[in-house]
Participant: 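Okay, handing you the structure first.
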Amino acid sequence: MKTATPNLRTTEQNRRLWWLAGQLGLDKEAMADVVLEFTEGRTCHTSELTFLECRELTEFLQGTLIGHDRRDSRAERTDQKRDGDPDRVKLDRQRKGVIRAIYRWLELRGVTNASMDYVKAIACRAAKADSFNRISPDALTRVYAEFCHKQESLSAMRNVELGIAMQN
């Protein structure tokens with residue numbers, strides 16, 4: 001019986017991830033905490049990151065590094081004030097959660113090269129919105145739950161298929 005292995009991160013991704021961690025001053029323990037938070041408790045090891053998770057984490061760390069380099073700019077201070085708004089922070093987390101849920105659903109379906117625009121388009125269609133940033137908080141919650149349910153359904157179907165295959 002052949003088991004499906006997730007599409008793990010590449011060597012190049014790993015190099016880039018650890019280079020960014022070094023640039024940000026993150027040691028192994030701090031990086032383990034970042035990975036644990038990013039994967040929502042699934043793992044703390046970078047070696048267990050999927051291709052898509054590693055890509056998202058690398059993009060996040062790159063954005064953090066760019067922000068770190070321009071810390072004194074006036075525009076960034078303005079952005080930090082806006083980001084301090086609890087409603088805005090919550091909405092941003094909801095958007096990121098929806099993106100992660102859709103990426104995971106696509107990954108379970110075997111799609112490993114989906115772009116961010118494609119994922120956002122899926123979210124817009126599911127929420128019946130014309131722009132990803134205009135999806136309401138209620139719609140984000142609904143879309144997130146919908147894609148989590150789709151993930152569970154796909155996993156259950158795979159388990160049933162594996163059970164049937166093992167019986168034969």
Side-chain angles (χ1 to χ4, degrees), residues 1-71 79 83 88-127 132-133 135 140-162 165:
M1 179 180 86
K2 187 175 181 181
T3 59
T5 58
N7 190 3
L8 295 177
R9 54 123 178 94
T10 65
T11 305
E12 294 90 31
Q13 282 182 313
N14 191 51
R15 277 192 216 118
R16 179 77 176 155
L17 187 66
W18 283 104
W19 180 84
L20 287 167
Q23 293 297 309
L24 291 167
L26 300 174
D27 62 2
K28 287 183 181 182
E29 290 178 20
M31 195 60 179
D33 290 340
V34 168
V35 171
L36 187 65
E37 176 71 25
F38 193 79
T39 61
E40 298 177 343
R42 185 181 62 81
T43 185
C44 64
H45 304 287
T46 59
S47 61
E48 295 175 4
L49 288 173
T50 65
F51 179 85
L52 294 174
E53 287 172 335
C54 193
R55 181 172 66 185
E56 289 177 30
L57 181 56
T58 302
E59 288 172 1
F60 171 76
L61 292 176
Q62 180 68 40
T64 302
L65 180 62
I66 290 169
H68 187 268
D69 290 343
R70 296 180 291 120
R71 182 165 285 164
D79 287 344
D83 288 342
R88 186 179 179 108
V89 171
K90 181 180 177 188
L91 191 59
D92 187 50
R93 284 187 182 153
Q94 283 182 303
R95 288 182 183 129
K96 289 176 183 174
V98 166
I99 289 169
R100 275 194 306 272
I102 294 172
Y103 266 123
R104 179 69 180 133
W105 173 71
L106 288 169
E107 187 178 80
L108 288 172
R109 293 182 62 220
V111 178
T112 58
N113 58 350
S115 70
M116 182 65 78
D117 290 334
Y118 181 67
V119 170
K120 287 180 178 180
I122 291 172
C124 288
R125 279 193 303 271
F132 182 73
N133 289 332
I135 300 174
L140 286 170
T141 301
R142 183 184 53 77
V143 170
Y144 176 78
E146 180 181 328
F147 280 93
C148 286
H149 179 71
K150 287 182 177 195
Q151 290 173 32
E152 292 170 4
S153 297
L154 277 173
S155 294
M157 286 176 56
R158 289 219 172 106
N159 289 340
V160 168
E161 290 172 358
L162 285 174

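Quantities reported herein were computed from a predicted structural model and do not represent experimental measurements.
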Participant: The criterion is side chain to side chain contact (heavy atoms under 4.5 Å, CB included); which residues satisfy it with Arg109, sequence neighbours excluded?
Facilitator: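 Applying side chain to side chain contact (heavy atoms under 4.5 Å, CB included) to Arg109 gives Trp105, Leu106, Leu154.
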Participant: Side chains of Arg16 and Leu61: does their closest heavy-atom pair fall under 4.5 Å?
Facilitator: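 No. Closest side-chain heavy atoms not under 4.5 Å.
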Participant: Which atom pair, heavy atoms only, marks the closest approach of Leu140 to Val98?
Facilitator: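 For Leu140 and Val98, the tightest heavy-atom pair comes out as O-CG2, 3.4 Å.
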Participant: Using side-chain hydrogen bond (donor to acceptor under 3.5 Å, both in side chains) as the criterion, list what pairs up with Arg95, not counting sequence neighbours.
Facilitator: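 Listed in chain order: nothing, the list is empty.
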Participant: Kindly compute the distance separating CG (Leu52) from CG (Asn7), expressed to the nearest 0.5 Å.
Facilitator: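 Going from the CG atom of Leu52 to the CG atom of Asn7 covers 7.5 Å.
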Participant: Atom CE in Met157, atom OG in Ser153: separation rounded to 0.5 Å?
Facilitator: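 Result: 8.0 Å between the selected atoms.
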Participant: Holding to salt bridge (Lys or Arg N to Asp or Glu O under 4.0 Å), I want the full list of residues that pass it with Lys150, two or more places apart in sequence or in another chain.
Facilitator: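 By the salt bridge (Lys or Arg N to Asp or Glu O under 4.0 Å) rule, Lys150 matches Glu146.
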Participant: Working to the nearest 0.5 angstrom, can you tell me the gap between Thr46 OG1 and Gln13 CD?
Facilitator: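 The OG1 atom of Thr46 sits 11.0 Å away from the CD atom of Gln13.
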Participant: With sequence neighbours excluded, what pairs up with Thr141 under the side-chain hydrogen bond (donor to acceptor under 3.5 Å, both in side chains) test?
Facilitator: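 Per chain and number, Thr141 pairs via side-chain hydrogen bond (donor to acceptor under 3.5 Å, both in side chains) with Gln94.
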Participant: List in chain and number order the residues that pass ring pair (Phe, Tyr, Trp, His ring centres under 6.0 Å) with Tyr103, two or more places apart in sequence or in another chain; answer none if no residue qualifies.
Facilitator: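 Checked Tyr103 against ring pair (Phe, Tyr, Trp, His ring centres under 6.0 Å); zero matches.
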Participant: List in chain and number order the residues that pass side-chain hydrogen bond (donor to acceptor under 3.5 Å, both in side chains) with Glu48, two or more places apart in sequence or in another chain; answer none if no residue qualifies.
Facilitator: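 Partners of Glu48 under the side-chain hydrogen bond (donor to acceptor under 3.5 Å, both in side chains) test: Thr43.
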Participant: Only pairs at least two apart or in different chains count here, so list each ring-ring contact (aromatic ring centres under 6.0 Å, His included) that has a residue in residues 23-60.
Facilitator: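 ring-ring contact (aromatic ring centres under 6.0 Å, His included) check on residues 23-60 returns no pairs.
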Participant: For Arg100, enumerate each residue passing the salt bridge (Lys or Arg N to Asp or Glu O under 4.0 Å) test, keeping only those at least two apart in sequence or located in another chain.
Facilitator: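 Listed in chain order: Glu40.
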Participant: Closest approach of Leu17 and Cys54, non-hydrogen atoms and distance?
Facilitator: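 Heavy-atom minimum between the residues: CD2-SG, 4.0 Å.
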Participant: Show every salt bridge (Lys or Arg N to Asp or Glu O under 4.0 Å) that has at least one partner inside residues 19-31, sequence neighbours left out.
Facilitator: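 Listed by first then second residue: nothing to list.
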Participant: Return the CZ to CD distance between Arg55 and Gln62, rounded to the nearest 0.5 Å.
Facilitator: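 Interatomic distance, Arg55 CZ to Gln62 CD, rounded to 0.5 Å: 14.5 Å.
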Participant: Is there a donor-acceptor contact under 3.5 Å from the side chain of Gln151 to the main chain of Leu108?
Facilitator: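 Pair absent, no side-chain N/O of Gln151 close to backbone of Leu108.
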Participant: Not counting sequence neighbours, which residues clear side-chain hydrogen bond (donor to acceptor under 3.5 Å, both in side chains) with Asp92? List them please.
Facilitator: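 Listed in chain order: Lys96.
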Participant: Please report the closest heavy-atom contact between Ala114 and Val119, naming both atoms and the distance.
Facilitator: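 For Ala114 versus Val119, the nearest heavy atoms are CB-CG2, 4.3 Å.
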Participant: Under the criterion side-chain contact (heavy atoms from CB on, under 4.5 Å), I'd like the reasoning laid out for Met31 against Trp18: C-alpha separation, chi angles, the key distance, then a yes or no.
Facilitator: CA-CA 9 Å; Met31 195 60 179; Trp18 283 104; 3.5 Å; yes
Participant: Is there a side-chain contact between Lys120 and Ser115, using heavy atoms and a 4.5 Å cut-off?
Facilitator: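 Side-chain contact under 4.5 Å: no.
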Participant: Considering residues at least two apart in sequence or located in another chain, which fulfil the side chain to side chain contact (heavy atoms under 4.5 Å, CB included) criterion with Asp33?
Facilitator: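 Result, side chain to side chain contact (heavy atoms under 4.5 Å, CB included) vs Asp33: none returned.
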Participant: Partners of Arg42 by salt bridge (Lys or Arg N to Asp or Glu O under 4.0 Å), sequence neighbours excluded?
Facilitator: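 By the salt bridge (Lys or Arg N to Asp or Glu O under 4.0 Å) rule, Arg42 matches Glu53.
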Participant: If you round to the nearest 0.5 Å, how far is CG of Asp117 from SG of Cys124?
Facilitator: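 Answer for the SG-CG pair, Cys124 versus Asp117, is 10.0 Å.
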Participant: How long is the span from the CG atom in Asn14 to the OG1 atom in Thr58, to the nearest 0.5 Å?
Facilitator: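 Reported value, rounded in 0.5 Å steps: 9.0 Å.
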